[in-house]
Undergrad: 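Structure incoming, see below.
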Amino acid sequence: MTLEGAVNKTAIGLFLILTTALYTWHNPLPPLIVGGAIGGFIMAIVTIFKKEWAPFTVPIYALLEGLFLGGISRYFNNAYEGIAAQAIILTLGILGALLLAYKSGFIKPTENFKLGIAAATGGIFLVYMVNFIMSMFGSSGIPMIHEASTIGIGFSVFVVIIASLNLVLDFDFIEEGVERGAPKYMEWYGAFGLLVTLIWLYLEILRLLAKLQSRD
C-alpha cells in the first residue's frame with residue numbers, strides 16, 4: 001500500500017461517481033436513483049466485511065452511488081437553483097482545508113479525538129436509524145431535525161462538522177496503512193473510506209443548504 005496508490009484510487013472512485021451522476025442528473029429516473037442507493041449500500045457492506053474484494057467492489061460502489069447522487073442532486077437543484085454546485089464546492093473546500101490542517105499538524109488524530117468522533121458518528125447513526133424506523137410506521141420522524149428551524153439547522157451544522165472531521169480519521173487510516181506496509185488492496189479500501197465520508201458530507205451539506213434557503 002502506498003500513499004500515491006490510495007490517492008489514485010480515490011481519484012478513480014470520484015471519476016466513476018461523476019460519470020454515473022451526470023447520467024441521472026440528466027435522466028433522474030426513480031428506479032435508477034433508488035437502485036443506486038440500495039446497490040451502493042449492499043456493495044458498502046460487502047466491502048466492509050470482505051476488504052480483500054475492495055479492488056472489485058469499490059468501483060461498483062462508486063458507479064452505483066453516482067446514480068443516486070446525480071438524481072438526488074437534481075431534485076434538490078430543481079427546488080433550489082444552484083444548490084448542487086454550492087454543495088460540491090463546499091465539500092471539496094472542506095476536503096482541501098482538512099487535508100492541509102492534517103498534513104500541517106494543526107489537527108492531530110489522537111486516541112481521544114478518534115474516540116470522540118467515533119462516538120459522535122455513532123450517535124448520529126442511531127438518530128437516523130430511529131428516524132427511519134419511525135418513518136416506516138407512518139410517523140414523520142424525529143421532530144424538528146428535518147425542519148428549517150433553529151434546532152433543525154443547528155443539528156445539520158453539527159452533522160456537517162462531524163462528517164468533516166471523519167475525513168481526518170480517513171487520512172490517518174491511509175497514512176497508518178502505508179506505514180505498516182498494508183496489502184495493496186488496502187489502497188482501494190482506504191479510498192472507499194474517503195468516498196463514503198465525502199458522499200455523507202456532500203449530502204449533509206445539501207440538506208443544510210436546503211434548510212437555509214427555505215427560510216429565505
Side-chain angles (χ1 to χ4, degrees), residues 14 17-41 44 61-62 64-98 116-117 119-168 170 194-216:
L14 289 172
I17 289 174
L18 179 61
T19 301
T20 49
L22 285 173
Y23 181 80
T24 46
W25 173 269
H26 295 291
N27 303 279
L29 304 173
L32 287 178
I33 299 170
V34 175
I38 296 174
F41 177 75
Y61 166 81
L64 290 169
E65 283 297 318
L67 292 175
F68 168 68
L69 290 175
I72 203 71
S73 297
R74 183 57 184 268
Y75 283 124
F76 271 94
N77 206 70
N78 287 344
Y80 308 102
E81 184 67 31
I83 193 174
Q86 295 170 19
I88 291 172
I89 292 170
L90 284 170
T91 301
L92 294 178
I94 290 171
L95 172 64
L98 283 175
I117 298 303
T121 303
I124 292 169
F125 177 75
L126 182 61
V127 169
Y128 282 162
M129 284 301 298
V130 171
N131 185 77
F132 175 72
I133 293 171
M134 290 175 65
S135 66
M136 289 180 63
F137 290 94
S139 171
S140 58
I142 298 175
M144 294 181 288
I145 67 170
H146 301 297
E147 301 172 0
S149 62
T150 302
I151 293 177
I153 291 173
F155 176 77
S156 286
V157 169
F158 172 74
V159 175
V160 166
I161 291 172
I162 298 302
S164 300
L165 292 177
N166 267 272
L167 289 171
V168 176
D170 295 326
L194 266 175
L195 292 176
V196 169
T197 303
L198 286 171
I199 290 170
W200 178 31
L201 176 60
Y202 170 73
L203 290 173
E204 293 298 341
I205 290 175
L206 264 183
R207 285 162 51 86
L208 174 58
L209 292 176
K211 288 178 181 180
L212 292 172
Q213 293 195 28
S214 69
R215 300 186 75 177
D216 295 341

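Since the model is a prediction, treat every value here as computed from it, not as a measurement.
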Undergrad: Supply the atom-to-atom distance L206 CG to S73 OG, rounded to the nearest 0.5 angstrom.
TA: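 Separation between the atoms: 5.5 Å.
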Undergrad: Taking atom CG of L29 as the centre, report whether more than 12 heavy atoms of other residues, nucleotides or ligands fall under 6.0 Å from it.
TA: yes
Undergrad: Do you know the tightest heavy-atom contact between F158 and A120?
TA: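 Closest approach of F158 to A120, heavy atoms only: CZ-CB, 4.3 Å.
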Undergrad: Would you check if V196 and D170 make a side-chain contact, meaning some heavy-atom pair closer than 4.5 Å?
TA: no
Undergrad: Is any side-chain heavy atom of W200 closer than 4.5 Å to a side-chain heavy atom of V159?
TA: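 W200 vs V159: side chains touch.
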Undergrad: Distance-only, no hydrogens or angles: does the S156 side chain make a donor-acceptor pair with backbone N or O of L208 under 3.5 Å?
TA: no
Undergrad: Determine whether a donor-acceptor pair (N or O, by modelled atom type, separation under 3.5 Å) exists between the side chain of N27 and the backbone of Y23.
TA: yes
Undergrad: Tell me whether the count of non-hydrogen atoms from other residues, nucleotides or ligands lying under 6.0 Å of OH in Y128 goes above 12.
TA: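 For Y128, atom OH is crowded (more than 12 foreign heavy atoms under 6.0 Å).
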Undergrad: Search all heavy atoms of Y61 against all heavy atoms of G40 and return the closest pair with its distance.
TA: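 Taking every non-hydrogen atom into account, CD1-O, 3.2 Å.
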Undergrad: Rounded to the nearest 0.5 Å, what separation is found between the CD atom of Q86 and the CD1 atom of I83?
TA: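 The CD atom of Q86 sits 6.5 Å away from the CD1 atom of I83.
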Undergrad: Return the CD1 to CD1 distance between I89 and I94, rounded to the nearest 0.5 Å.
TA: 12.0 Å
Undergrad: What distance do L14 atom CG and L95 atom CG have between them, rounded to the nearest 0.5 Å?
TA: 8.5 Å
Undergrad: So, for A87 and Y202, which heavy atoms are closest and what is the spacing to 0.1 Å?
TA: CB-CE1, 3.4 Å
Undergrad: Do you know the tightest heavy-atom contact between R74 and W25?
TA: NH1-O, 2.5 Å
Undergrad: Got a second to check how far I117's CD1 is from L165's CG, nearest 0.5 Å?
TA: 4.0 Å
Undergrad: How far apart are the C-alpha atoms of F155 and V127, what are their side-chain angles, what is the distance that settles it, and do they pass the side chain to side chain contact (heavy atoms under 4.5 Å, CB included) test?
TA: CA-CA 11 Å; F155 176 77; V127 169; 4.1 Å; yes
Undergrad: Would you say that V34 contacts F68 through its side chain, given a criterion of any heavy-atom pair below 4.5 Å between the two side chains?
TA: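 Of all side-chain heavy-atom pairs linking F68 with V34, none is under 4.5 Å.
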Undergrad: Regarding S214 and Y80, is there a side-chain donor-to-acceptor distance under 3.5 Å anywhere?
TA: no
Undergrad: Regarding N166 and T197, is there a side-chain donor-to-acceptor distance under 3.5 Å anywhere?
TA: no
Undergrad: How many angstroms lie between CD1 in I162 and OG1 in T121, if you round to the nearest 0.5 Å?
TA: 6.0 Å
Undergrad: side-chain hydrogen bond (donor to acceptor under 3.5 Å, both in side chains) with T20: which residues, sequence neighbours excluded?
TA: none
Undergrad: Determine, step by step, whether L69 and L203 satisfy the side chain to side chain contact (heavy atoms under 4.5 Å, CB included) criterion, reporting the C-alpha distance in whole Å, the side-chain angles of both residues, the deciding distance to 0.1 Å, and the verdict.
TA: CA-CA 8 Å; L69 290 175; L203 290 173; 3.7 Å; yes
Undergrad: Is the backbone N or O of P28 less than 3.5 Å from a side-chain atom of Y75, with the two atoms forming a donor-acceptor pair by type?
TA: yes
Undergrad: Please report the closest heavy-atom contact between S164 and L201, naming both atoms and the distance.
TA: OG-CD1, 3.4 Å
